[in-house]
Amino acid sequence: MDQHPLLAPLNEAQRAAVAAAPGPVLVLAGAGSGKTRVLTHRAAWLILEHGLAPQGLLAVTFTNKAAAEMRGRIETLLGIPGSALWIGTFHGIAHRLLRRHWREAGLPQTFRIQDEDDQQRLVRRIIREQQLDEQRWPPREVTGFINRQKDEGRRPPQLEDRGDPTRRQLIRIYELYQQRCNQQGLVDFAELLLRAFEVLRDQPQLGAHYRSRFRHLLVDEFQDTNTIQYQWLRLLATDGGAPFVVGDDDQSIYRWRGARVENMQQFRRDFAAQVFRLEQNYRSTAVILGAANAVIAKNRDRMGKELWTAAAGGEPIRVYAAFNERDEAEFVLERIREHQRSGEPLAACAILYRSNAQSRAFEEALMAARIPYRVYGGLRFFERAEIKDALAYLRLTQAPADDTAFERIVNLPVRGIGAATLEQLRAVARQREQSLWDAVETLAPELPARAANALRGFRALIARITAGIAGLELHEQIRLAIEASGLREHYAREKENRGEARLENLEELVSAAEGFAPDDDEGLPPLAAFLAHATLESGEAQASAGLDSVQLMTLHSAKGLEFPTVFIVGLEEGLFPSEQAAADADRLPEERRLCYVGITRAMRRLYLTHAESRRIYGRTGYRDPSRFLAELPQQALTEVRPRISVSRPLATDPGRPIVRPDTRAWAAPAVSPRRSHSARPVPGEDTPMPLGARVRHPKFGEGTILRFEGNGDSRQVHVNFERAGQKWLMFSLARLEQL
DNA sequence: GTGCGACGATTTTAG
DNA sequence: ATCGTCGCAC
């Protein structure tokens, strides 16, 4: 039978979904069932078979990574550049709409996006101005309240205090916060979505325009949509639009972030959608899938789905009861060594844990064994303090009224503008309803000459930078700001290790600007586009992606990934499920889904470990094995017993560290191995000294080389010094002498 | 303006 | 245990 080439590589269920008649479709896509493939083939199918113009398609994802992957795969399928396609994250697309229709949205043309950090700073400032107690009104929680309201589509006037004074105060702060954002032209992440929704809803001609333009909407990870995202889709998809949404209710793990898994059922009802199920799994062995199915079967109210695979069998799932967290790490380390010996790449192994704090024991063990590893999470590039400092200078040149940027750098590097002066400045600004920038001129005549000069000097500096960057290329603008602001010098003075890394990151910022090519800048000037990009795509957390290394991450960040060998560690009551979830029947299902997500990451081998005792917050606790272990099909499990050679402390001596004598020296100081963004390893390039080589440093003394990263002038070396502990150094500057 | 010690919190996190 | 924030002393 002649098959359409787009359908040929698909299985029956995938084919049915891809070739479904245009109209509302809900695809229930199990883990590893080829959902991205269905999404991309659907896009190509609509364009090639139904004559849909590429501009008539809107594809939405949650992460930039997913958007980029989808774009790439559709380009490949269609053989055309994907630039005509609207593919992006919810936030990216909302941003694009608001840039186009800033006037209708009631925004200044120069509006800027504010990240969560800046949002919290602003909220904190408002709390202080209102003379409220920060203990009673923690900025984090207040910000959380504001964002939750926005995620639900609620503006202050629609909110009722219900006679609750706490709520009344929160609503009041929300109101003040929004006023300030409006004054300053700031849009936070939740605001992007809400405004984009409102502009489509309240401007009928705009809504009609986009409804008729985007006849087809594709949505990935639909189970993660929040209320406003769903409302937004509904707004676009009524009047005969054809939303094609893909999701998995069993992988819904972000309720605490506003995700509404109910949106899946809601969608089915609202749109009378056709439902397709993708249940054939191409990733894992039958044993692993059996375990995953058994665990998730304990949840009620599922849409219903059971994964299966054409392949039979598979290795048993191995369970290890560790004595404590060090023993657990040793066990994992030994298994990784075995796999390494059998020629498997390290990157085939992932260690998944419930909370970030658990990574430590594994990092220490891996470091001691000199096995490269990579920890996901942590600060991302554009979130680093020095990067935000440099960008704040540039933001002020674009918008002097940006109080958050002003506060951030007015005295960085220090230029004699003290807390008292700033306090007066804030008071004047508030009183006159001015920006801090404008308040400088108001206040200066009343200040002592020194403070007045310092403040005027700051304004003059910003003015100089503003004039200086005019007409320059983007990366030159940034370089100039870093120099003229004094930031470079400031960081150069900082204690060598930190300062060096920061200088490098600033250098990397210039490089990032050099390579920056906005694809949907909506006519924004390059600098404005770059600033938006920096906020919207905060970049990779970790360098060293190219190096073969063991992967460490939380179960949450593992979603969407797969690994031949997976270790799920810390399977203990109170840890996984977490304390809070274990105590609350309403929160258990999500925790169980998280377990399901973890299990389904494994392709061939799955190890589950728990520890009888574990140090947490400095105290040793004893925990029962996780209930999830009991929910697994017992015939699929093999209990791994510790070998005799594993040194176990006596029961009477539970505190003794389990460290082999020959590795003891390595286990000592726990310096975080997280590295600067700019360290880009080039695989295959030789290292200037062998790993493990003994070296001497003029200041730190003798040590051993643990690893290298990067090359050329930016090559960094990680050395474990006997006296000074572990340090990352610039190889070209470190003057290491090999012994 | 800097540095140090006390204090408190500590699940998960994309844009 | 550890990390970030805050207040106070130099």
Side-chain angles (χ1 to χ4, degrees), chain A residues 60-67 88-95 113-119 124 134-135 138-141 144 147 150-151 187-193 196 220-221 224-226 229 252-259 325 352-361 364 376-380 382-383 385 411-421 454 493-495 532-541 553-560 570 574-584 587 590-591 593-595 597-598 614-621 670-672:
Chain A
V60 202
T61 64
F62 275 85
T63 67
N64 290 306
K65 193 174 153 206
T89 62
F90 276 98
H91 293 87
I93 287 171
H95 176 234
I113 309 168
Q114 175 172 244
D115 69 14
E116 242 161 24
D117 184 54
D118 288 341
Q119 182 184 28
R124 172 175 287 122
E134 272 182 72
Q135 307 291 308
R140 247 189 81 84
E141 282 173 33
N147 289 337
K150 290 189 176 186
D151 284 349
V187 174
D188 59 53
F189 288 131
E191 185 74 18
L192 280 174
L193 301 177
D220 193 13
E221 305 277 17
D224 288 338
T225 50
N226 65 27
Q229 286 161 336
S252 164
I253 55 175
Y254 287 115
R255 187 171 77 156
W256 50 276
R257 206 166 75 179
E325 75 276 4
L352 310 184
Y353 35 78
R354 180 63 177 81
S355 82
N356 285 307
Q358 288 167 261
S359 74
R360 184 167 205 105
E364 283 174 8
Y376 283 65
L379 265 197
R380 278 141 359 135
F382 286 109
E383 292 170 352
N411 201 29
L412 185 94
V414 288
R415 44 177 74 92
I417 299 170
T421 308
R493 273 182 222 283
E494 222 178 298
K495 279 181 260 153
H533 164 84
T535 313
L536 232 34
E537 300 190 34
S538 36
E540 273 277 301
M553 68 193 82
T554 63
L555 286 149
H556 281 90
S557 33
K559 198 175 86 158
L575 232 202
F576 187 31
S578 70
E579 201 93 59
Q580 299 87 328
D584 181 352
R587 302 177 65 171
E590 180 146 312
E591 206 75 357
R593 293 195 288 268
L594 190 56
C595 184
V597 166
R614 181 182 296 277
R615 261 182 109 72
I616 276 183
Y617 306 143
R619 272 220 298 274
T620 302
V671 172
S672 166

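Just so it is clear, the values below take in all heavy atoms, side chains as well, and ignore hydrogens, waters and symmetry mates. Letters A, B, ... are given to chains in the order of the sequence lines, protein chains preceding strands, and every chain is numbered from 1. From a predicted model like this one, the values you see are computed outputs, not experimental measurements.
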Q) Under 3.5 Å, side chain of Glu221(A) to main-chain N/O of Phe62(A), donor-acceptor pair present? A) no
**Q.** Distance in angstrom units between Gln358(A) CD and dT2(C) C1', rounded
**A.** 16 Å
Q.
Looking at Arg124(A) and Glu134(A), is any side-chain nitrogen of the basic one under 4.0 Å from a carboxylate oxygen of the acidic one?
A. yes
**Q.** Letter per nucleotide, 5' to 3', of nucleotides 8-15 of chain B [B base touched, S only sugar-phosphate touched, - untouched; heavy atoms, 4.0 Å]
**A.** --BBBBBB
Q.
Looking at Ser355(A), is its backbone amide N or carbonyl O close enough to the side chain of Gln358(A) to form a donor-acceptor pair, meaning the two atoms are under 3.5 Å apart?
A. yes
Q.
Looking at Glu141(A) and Pro138(A), would you say the former's side chain and the latter's main chain have a donor-acceptor pair under 3.5 Å?
A. no
Q) Is Leu352(A) touching bases, backbone alone, or none of the nucleic acid, heavy atoms closer than 4.0 Å? A) nothing
Q: Might you point out which heavy atoms bring Arg354(A) and Phe576(A) nearest each other, and give the distance in Å?
A: CD-CD1, 3.7 Å
Q.
Could you report the tightest heavy-atom contact between Asn226(A) and Gly258(A), atom names first, then the distance?
A. CB-O, 3.1 Å
Would you tabulate the nitrogen or oxygen pairs shorter than 3.5 Å linking the protein to nucleotides 8-10 of chain C?
none

Q: Can you tell me the distance, in whole Å, between the CD1 atom of Ile616(A) and the P atom of dT2(C)?
A: 14 Å
Q: Might you point out which heavy atoms bring Arg614(A) and Gly570(A) nearest each other, and give the distance in Å?
A: NH2-CA, 3.3 Å
**Q.** Identified side-chain hydrogen bond (donor to acceptor under 3.5 Å, both in side chains) counterpart of Asp224(A) within the set Arg257(A), Lys559(A), Gln229(A)
**A.** Lys559(A)
